[in-house]
Amino acid sequence: MALKIFNTQSKKKEEFQPLQEGKVGIYVCGITAYDVCHVGHARSAVVFDVITRHLRSKGWDVTYVKNFTDVDDKIIDRARREKTGIGEIAERFIREHDRDMAALGVLPPTFSPRATESIPEMIRLIGDLIAKDLAYPMDGDVYYAVGRFPGYGKLSGRNLDEMLSGARIDSDKKRSPLDFALWKASKEGEPWWESPWGRGRPGWHLECSAMSRRYLGDTFDIHGGGEDLIFPHHENEIAQSEGATGKISVRYWVHNGFVRVNSEKMSKSLGNFFTIRDILQQYHPEVLRFFLLQSHYRSPVDFSDSALNEARQGMNRIYSMLKALKDESGGNGAEAVSAERDKETAVQLETLPKRFAESMDDDFNTARAIGHLFDAVRMINAAMAEKKPVVSSGVLLQAEKTFLGIGDVLGLFQQEPDHYLRSDREREAAKRGLAVAEIEQRIAERLAARKAKAWARADEIRNELAEKGVLLRDGPDATTWTIA
RNA sequence: GGCGGCAUAGCCAAGUGGCUAAGGCAGCGGUCUGCAAAACCGUUAUUCUCCGGUUCAAAUCCGGAUGCCGCCUCCA
């Protein structure tokens, strides 16, 4: 099966061929470490985590690089406000970032370079650009001469003249308003490094060119990031990298869509953001992942509590099936007769990984892939619901194995089903200020009433709990509960 | 102002020329159940924002309108 990837530059789905047989290099723009991450960052992280997992599941040896910007105006501002060093600020928020990512089940990249570790590479890159007359020093700064790079605008689909007409002048040091800083002379109290142009620090765009080249080479397979980075950040990266090397730098550009809140982009500047950790207090990390993966990575997603709750219900459906599967395979279904349903289910399960992989190969269509998953859920439930145990232990085991295998690619279903469902109940109960022990006490009372066939009493307790949002489910020998 | 994207059921969301327009959530009817819930079965868009056009054939391609969003300043 051939993998197709939508390339931002060509605006088409293209068949993906790694540069080197069996190996894939992927670079994703990470965060500027000056604050905790919000759900927008979570989307980018989860999307590229799943992309990387899928590439690996295809047998490729993936080198995944995601950087940290650890020197930047915002970091400097914050350090100043908090009367501490930029190193401390960056260190702190890198740690917070790593904590959030771990909680989200995002696998660590192969390399997580920090900008300040590649200053010599950046200085060399600037030197090459100046030598090629693509950059010019000016009073301790160095600027990229955008007009001298012929391909400028090829990623974002803009042309220089149009941009020039709308550009505003933000510095009189630049020859053209579109030129951007490769190196900034350090001002009083700012961090600096020695360079041929004096003490200063690197421009933001330069960092990614230097780091991607250092870890992945002049030309590499995939470069990713949020769609807000297309212009100017990624356009400038192309100008820098390709200007310096004369080679194509990135073969496939991949950009994820935004997380929105009430139809507006979630962002720091709008102030309409939710931090990852706040959301994870209210929802299981897999619910957040599932929510994000239910839409295609290039579409915008609208973030809301009700949307998360819908995702939560969907996850409960799958985990309930997985739990039933476990209960069943440990129980009397083990030596079942091989009925028609059994064969049907087995066939569907055999083809599920293929259908899943095909969806993923079609530009990482997780939404469709998840649809296939639910088809299988219904079938497995149907097989288990038949009166007689018509599903053989082999099929049950296969079902479990298949779901866990697919879960490895999506980063879902990693929990023990029973544990997941219990933690969901407990979390939801806590949100509503309900005590689990009290609920279970009432359920025990009701169970006693039911045994005595005191139905009125039993229903009274059930209604009382239902008013609080606690829904009961009577099993053969126990009553479980969930929250609406 | 320049450039670009999106519009599919009550809500979310796949599908980008031709089989019955996936799937989830919510709802309704049934099976099951002491009654429920869950699960299962059935059902919920003769139609894909609107108006034209191309085609034997369009949600899918083209033109126009309307609405929403993004980038052009830092931003995943």
Side-chain angles (χ1 to χ4, degrees), chain A residues 8 11 13 28-32 34-35 37-48 66 72-74 153 156-159 161-168 170 178 204 224-233 235 255-260 263-270 273 290-291 294-296 298-302 304 306-307 309-318 320-321 324 355 359 362 365-387 450 453-456 458-459 462-463 466 471-475 479-482 484:
Chain A
T8 307
K11 295 188 178 169
K13 280 186 201 172
V28 174
C29 292
I31 59 154
T32 297
Y34 76 105
D35 208 342
C37 293
H38 58 64
V39 175
H41 300 108
R43 184 175 196 195
S44 186
V46 168
V47 161
F48 288 102
K66 181 175 163 181
D72 172 87
D73 290 344
K74 287 181 173 169
S156 56
R158 293 156 205 247
N159 79 56
D161 295 337
E162 277 165 0
M163 282 190 283
L164 272 171
S165 66
R168 58 178 185 190
D170 58 351
L178 296 177
W204 177 51
E227 66 177 334
D228 46 0
L229 299 182
I230 295 170
F231 190 88
H233 185 54
E235 196 68 66
H255 293 96
N256 65 275
F258 297 133
V259 175
R260 298 185 192 167
S263 298
E264 265 184 340
K265 176 183 174 183
M266 180 186 289
S267 71
K268 278 285 287 178
S269 42
L270 286 170
F273 62 92
F290 181 76
F291 163 74
Q294 263 188 310
S295 303
H296 186 88
R298 282 189 279 120
S299 311
V301 289
D302 258 291
S304 69
S306 64
N309 210 47
E310 282 178 18
R312 177 186 152 245
Q313 299 292 8
M315 281 298 284
N316 279 352
R317 178 168 162 83
I318 296 176
S320 296
M321 182 278 289
R355 281 177 287 143
S359 298
D362 184 11
N365 195 331
T366 53
R368 199 204 296 156
I370 287 171
H372 292 314
L373 237 40
F374 279 104
D375 287 337
V377 169
R378 195 190 319 107
M379 191 146 30
I380 295 163
N381 276 333
M384 287 192 293
E386 298 217 353
K387 281 280 186 207
R450 288 188 72 222
K453 296 201 190 293
W455 307 125
D459 291 351
R462 185 173 61 200
N463 291 339
L471 300 180
L472 304 187
R473 191 180 306 176
D474 293 326
T479 294
T480 57
W481 59 281
T482 184

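Lettering follows sequence order; numbering is per chain, from 1.
The distance from atom CZ of A/R158 to atom P of B/G70 is 15 Å, rounded to the nearest whole Å. Atom-to-atom, CE of A/M163 to P of B/C72 comes out at 12 Å; the value is rounded to the nearest Å. What separates NZ of A/K11 from P of B/C71 is a distance of 16 Å, to the nearest Å. We find that CE of A/M321 is positioned 16 Å from P of B/G23, with the value rounded to whole Å. A/N316 has its CG atom 12 Å from the C1' atom of B/C25, to the nearest Å. Distance, A/D375 CG to B/C40 P: 12 Å, rounded to whole Å. The CG-C1' distance, from A/L178 to B/C71, rounds to 14 Å in whole Å. Protein atom CE of A/M384 is 16 Å distant from nucleotide atom C1' of B/C41, rounded to whole Å.
Rounded to the nearest 0.5 Å, atoms OG1 (A/T366) and CZ (A/F290) are 10.0 Å apart. Here OG of A/S156 is found 13.0 Å from CD of A/E227. Values are rounded to the nearest 0.5 Å. Within the model, atoms OG of A/S306 and CZ of A/R312 stand 13.0 Å from one another, a figure rounded to the nearest 0.5 Å. A/L270 CG to A/R260 CZ: the interatomic distance, rounded to the nearest 0.5 Å, is 12.5 Å. Atoms CD1 and CD1, from A/I318 and A/I370 in turn, are 7.5 Å apart once rounded to the nearest 0.5 Å.
Nucleotide B/C48 has no partner under the Watson-Crick or G-U criteria, as no pair reaches both atom distances under 3.5 Å. Remark: B/C56 base-pairs with B/G18. Criterion, Watson-Crick or G-U wobble with two distances under 3.5 Å. Using the Watson-Crick or G-U wobble rule with both distances under 3.5 Å, B/C28 pairs with B/G42. B/G1: Watson-Crick or G-U partner is B/C72, with both key distances under 3.5 Å. Across all strands shown, B/G67 is found opposite B/C6 as a Watson-Crick or G-U wobble partner, with both distances under 3.5 Å.
Comparing the P positions of B/G4 and B/A9 gives a spacing of 28 Å, expressed to the nearest Å. B/A59 sits 15 Å from B/U8 when the P atoms are compared, rounded to a whole Å. Here, B/C61 and B/G24 have their P atoms 27 Å apart, quoted to the whole Å. Nucleotides B/A36 and B/U31, compared at atom P, are 10 Å apart to the nearest Å. B/A39 and B/A45: their P atoms are spaced 22 Å apart (whole Å). Comparing the same atom, P, in B/A14 and in B/G52 gives a spacing of 29 Å after rounding to whole Å. Atom P of B/A13 sits at a distance of 10 Å from the matching atom of B/A7, rounded to the whole Å. Straight-line distance between the C1' atoms of B/A65 and B/G23: roughly 33 Å, to the nearest whole Å.
Using a 30° and 60° split on the angle between ring planes, A/H233 and A/W204 fall in the parallel class, below 30°.
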N/O contacts under 3.5 Å, protein versus nucleotides 74-76 of chain B?
from: B/C74; atom 1: O2'; to: A/K74; atom 2: NZ; distance (Å): 2.8
from: B/C74; atom 1: O2; to: A/K74; atom 2: NZ; distance (Å): 3.0
from: B/C75; atom 1: OP1; to: A/W204; atom 2: NE1; distance (Å): 3.4
from: B/C75; atom 1: O2; to: A/K265; atom 2: NZ; distance (Å): 3.0
from: B/C75; atom 1: N3; to: A/K265; atom 2: NZ; distance (Å): 2.9
from: B/A76; atom 1: OP1; to: A/H41; atom 2: NE2; distance (Å): 2.8
from: B/A76; atom 1: O5'; to: A/H41; atom 2: NE2; distance (Å): 3.3
from: B/A76; atom 1: O2'; to: A/S44; atom 2: OG; distance (Å): 3.4
from: B/A76; atom 1: O2'; to: A/G226; atom 2: N; distance (Å): 2.2
from: B/A76; atom 1: N6; to: A/M266; atom 2: O; distance (Å): 2.6
from: B/A76; atom 1: N1; to: A/V259; atom 2: N; distance (Å): 3.0
from: B/A76; atom 1: N3; to: A/G40; atom 2: O; distance (Å): 2.9

Produce the list of close N/O pairs, under 3.5 Å, pairing protein atoms with atoms of nucleotides 37-39 of chain B; give distances to one decimal.
from: B/A38; atom 1: O4'; to: A/R473; atom 2: NE; distance (Å): 3.4
from: B/A38; atom 1: O2'; to: A/R473; atom 2: NH1; distance (Å): 3.4
from: B/A39; atom 1: OP1; to: A/R317; atom 2: NH1; distance (Å): 3.4
from: B/A39; atom 1: O3'; to: A/N381; atom 2: ND2; distance (Å): 3.3

Check nucleotides 26-30 of chain B for protein N or O atoms closer than 3.5 Å to its own N or O atoms and list the pairs.
none

Nucleotides 12-19 of chain B: which of its N/O atoms have a protein N/O under 3.5 Å away?
from: B/A14; atom 1: OP1; to: A/H296; atom 2: N; distance (Å): 2.7
from: B/A14; atom 1: OP1; to: A/S299; atom 2: OG; distance (Å): 3.4
from: B/A14; atom 1: O3'; to: A/N365; atom 2: ND2; distance (Å): 3.1
from: B/G15; atom 1: OP1; to: A/N365; atom 2: ND2; distance (Å): 2.8

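Here the shortest heavy-atom pairing between A/R43 and A/S295 reads NH2-CB, 4.4 Å. What you find for A/A458 and A/R450 is that their closest heavy atoms are CB-CG, 3.6 Å. Nearest heavy atoms, A/G153 versus A/E235: N-OE2, 2.8 Å. What you find for A/S320 and A/R473 is that their closest heavy atoms are OG-NH1, 4.4 Å.
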Original post:
When you look at A/F231 and A/R158, which way does the side chain to side chain contact (heavy atoms under 4.5 Å, CB included) test go after all the steps?
Top reply: CA-CA 9 Å; A/F231 190 88; A/R158 293 156 205 247; 3.6 Å; yes

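Looking only at distances, a side-chain donor or acceptor of A/N365 sits under 3.5 Å from a matching main-chain atom of A/R368. Within the 3.5 Å criterion, the main-chain N or O of A/T479 finds no donor-acceptor partner in the side chain of A/D474.
Sorted by first and then second residue, the side chain to side chain donor-acceptor pair (under 3.5 Å) pairs involving residues 371-381 of chain A (not counting sequence neighbours) are A/S359-A/H372.
Considering only residues two or more places apart in sequence or on other chains, A/D459 meets the salt bridge (charged side-chain N to carboxylate O under 4.0 Å, His left out) condition with A/R462.
Counting distance only, with no hydrogens placed and no angle test, the side-chain atoms of A/R450 and the base atoms of B/G34 include a donor-acceptor pair under 3.5 Å.
Under the stacking criterion of a centre-to-centre distance below 5.5 angstrom and an interplanar angle below 30°, A/W455 sits stacked against the six-membered ring of B/G34.
For the pair A/D362 and A/K13, the salt-bridge criterion is met [side-chain N within less than 4.0 Å of a carboxylate O].
Two residues, A/E264 and A/S156, neighbour RNA chain B, and the one matched to the more 5' nucleotide by heavy-atom proximity is A/S156.
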